[in-house]
Amino acid sequence: MRIIDKNNDFYDYLQNVYRDNSIVFDRTDSYVLTKELICERLFGCELNSQHFVLLQVCNTFWLFLLEITEESPLWNRPVNYKVELIATWKNYNKERVLIKFEILKTFRWNILKFISNNSWRDFQYDRKKIAERVDVLIQAIDTGDYRIACSFDKHTVTYGNGEKVEKHTPLLKASGFSSCIDPLDIFLAFEEYFSAEKSAIEKTESKGITDKERIENHGFDTKTSFRGRR
């Protein structure tokens, strides 16, 4: 897969390792998702509070647990956090997307009660319980049994001339999440997305045509059966 973008992300080097110019990722719609941008969305959240974060690329999912570790004295605004990977999996029953990055608001209480310390006053997730119940969390996500606090599917970038452009593809290198993601896994997930999209287009274009036309569409001559020869 070849990537077209003036920005770069932590998995980009793999395009030089696995060269395949038949798949092109036009990522000029990208923006750098920083810790600062994420902390802005966490405004009002308390120090040490924990939040589930969900990343989807194509049909691959990553579930993280984010914990706020530092806040500014001004308005108690979060300024830093730590992240750990809870689980990664694939689900081909879900609609594939290019990329989706979301902070989850909550799961239902019948799930939370099994992964927390059960204290309303000092609520914390129990990492041991999360590990024991990770299948329950995955099932909840697969069935859409959760609520979203915010999504990073768009961000307005302001250039030096004052021009404002809305971007939709977050780059994760400065977010604190890239250290928890295998670069090859996310690179292959993007590649899988474009391969699936390409196959879907070819399938649509092939509907309603004859076998002869289908062969010719793939570059074969029906007389010689040799690619590219007429």
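Predicted, not measured: the structure shown is a model, and the values here were computed from it. The figures here come from the full heavy-atom set of this structure, side chains too, leaving out hydrogens, waters and symmetry mates. By convention here, the first residue in the shown sequence is residue 1.
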With a 6.0 Å cut-off (strictly less than), is the heavy-atom count around CD of Glu166, excluding the residue itself, greater than 12?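 Enclosed.
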Residue Glu36 excluded, over 12 heavy atoms near CD under 6.0 Å: no
Grouping I, L, V, M, F, W and Y whenever their side-chain heavy atoms are under 4.5 Å apart, do [X] and [Y] come out in a common cluster?
X	Y	answer
Ile181	Val17	yes
Leu98	Ile23	yes
Leu54	Val57	no
Phe101	Tyr81	yes
Phe187	Val24	no

Side chain to side chain contact (heavy atoms under 4.5 Å, CB included) assessment of Cys39 paired with Asn80: CA-CA 7 Å; Cys39 284; Asn80 203 0; 5.7 Å; no
Assess Arg77 against Phe43: is NZ or CZ under 6.0 Å from the centre of the six-membered ring, and within 45 degrees of the ring's axis? no
Minimum heavy-atom distance between [X] and [Y], given as atom pair plus value:
X	Y	answer
Ser151	Arg41	O-NH1, 3.0 Å
Phe152	Leu37	CE2-O, 4.0 Å
Asn8	Leu171	O-CD1, 3.8 Å
Lys167	Thr28	NZ-O, 3.0 Å
Ser175	Lys35	O-CG, 3.5 Å
Asp145	Phe107	O-CD2, 3.7 Å

Aromatic ring proximity, centroids under 6.0 angstrom, Tyr146 and Phe52: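 Not close enough - the centres of the two rings lie 6.0 Å or further apart.
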List, one per line, each side-chain donor-acceptor pair under 3.5 Å for residues 82-90, sequence neighbours excluded.
from  : atom 1 : to     : atom 2 : distance (Å)
Glu84 : OE2    : Arg127 : NE     : 2.4
Glu84 : OE2    : Arg127 : NH2    : 3.3
Thr88 : OG1    : Phe61  : O      : 2.9
Trp89 : NE1    : Asp142 : OD1    : 3.1
Lys90 : NZ     : Thr60  : OG1    : 2.6
Lys90 : NZ     : Glu192 : OE1    : 3.3

Using the side chain to side chain contact (heavy atoms under 4.5 Å, CB included) rule, take Glu102 and Cys150 through it: C-alpha gap first, then chi angles, then the decisive distance, then the call. CA-CA 6 Å; Glu102 302 167 325; Cys150 63; over 6 Å; no
Closer than 3.5 angstrom, by distance alone: can the side chain of [X] be matched with the main-chain N or O of [Y] as a donor-acceptor pair?
X	Y	value
Gln56	Glu95	yes
Ser199	Ala196	no
Glu71	Cys45	no

Just how far is it from atom [atom1] of [X] to atom [atom2] of [Y], taken to the nearest 0.5 Å?
X	Y	atom1	atom2	answer
Asn117	Lys129	CG	NZ	7.0 Å
Ile3	Asn16	CD1	CG	9.0 Å
Ile138	Arg133	CD1	CZ	14.0 Å
Thr106	Ile148	OG1	CD1	12.5 Å
Leu112	Asn110	CG	CG	8.0 Å
Thr169	Leu33	OG1	CG	11.5 Å

Should Cys58 and Val97 count as side-chain neighbours, where that means a heavy-atom distance under 4.5 Å? no
Do the side chains of Ile103 and Leu42 get nearer than 4.5 Å, heavy atoms only?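 With C-beta onward as the side chain, the pair touches.
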Give the intermediate values and the outcome of side chain to side chain contact (heavy atoms under 4.5 Å, CB included) for residues Arg2 and Asp20. CA-CA 7 Å; Arg2 182 164 61 93; Asp20 182 2; over 6 Å; no
Checking Phe10, Trp62, Phe64 against Phe177 for ring pair (Phe, Tyr, Trp, His ring centres under 6.0 Å), the one that qualifies is Phe64
Step by step, work out the ring-ring contact (aromatic ring centres under 6.0 Å, His included) result for Tyr11 and Phe190. CA-CA 10 Å; Tyr11 54 83; Phe190 279 120; 5.3 Å; yes
Please set out all donor-acceptor pairs under 3.5 angstrom arising from side-chain atoms of residues 153-163, sequence neighbours excluded.
from   : atom 1 : to     : atom 2 : distance (Å)
Asn161 : OD1    : Glu163 : N      : 2.9

Fit a plane to each ring of Phe25 and Phe194, take the angle between them on a 0 to 90° scale, and name the class: parallel (under 30°), tilted (30 to 60°) or perpendicular (over 60°).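 Judged by the thresholds at 30° and 60°, the geometry between Phe25 and Phe194 is tilted.
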Go through it in stages, so that I can follow the logic: the residues are Lys94 and Asn59, the test is side-chain hydrogen bond (donor to acceptor under 3.5 Å, both in side chains), and I'd like the CA-CA distance, side-chain angles, deciding distance and then a yes or no. CA-CA 7 Å; Lys94 300 279 282 187; Asn59 293 98; over 6 Å; no
Check the pair Tyr18 / Met1 against side chain to side chain contact (heavy atoms under 4.5 Å, CB included), numbers first and verdict last. CA-CA 7 Å; Tyr18 303 98; Met1 179 178 70; over 6 Å; no
What residues, two or more places apart in sequence or in another chain, satisfy salt bridge (charged side-chain N to carboxylate O under 4.0 Å, His left out) together with Arg27? Asp5, Asp12
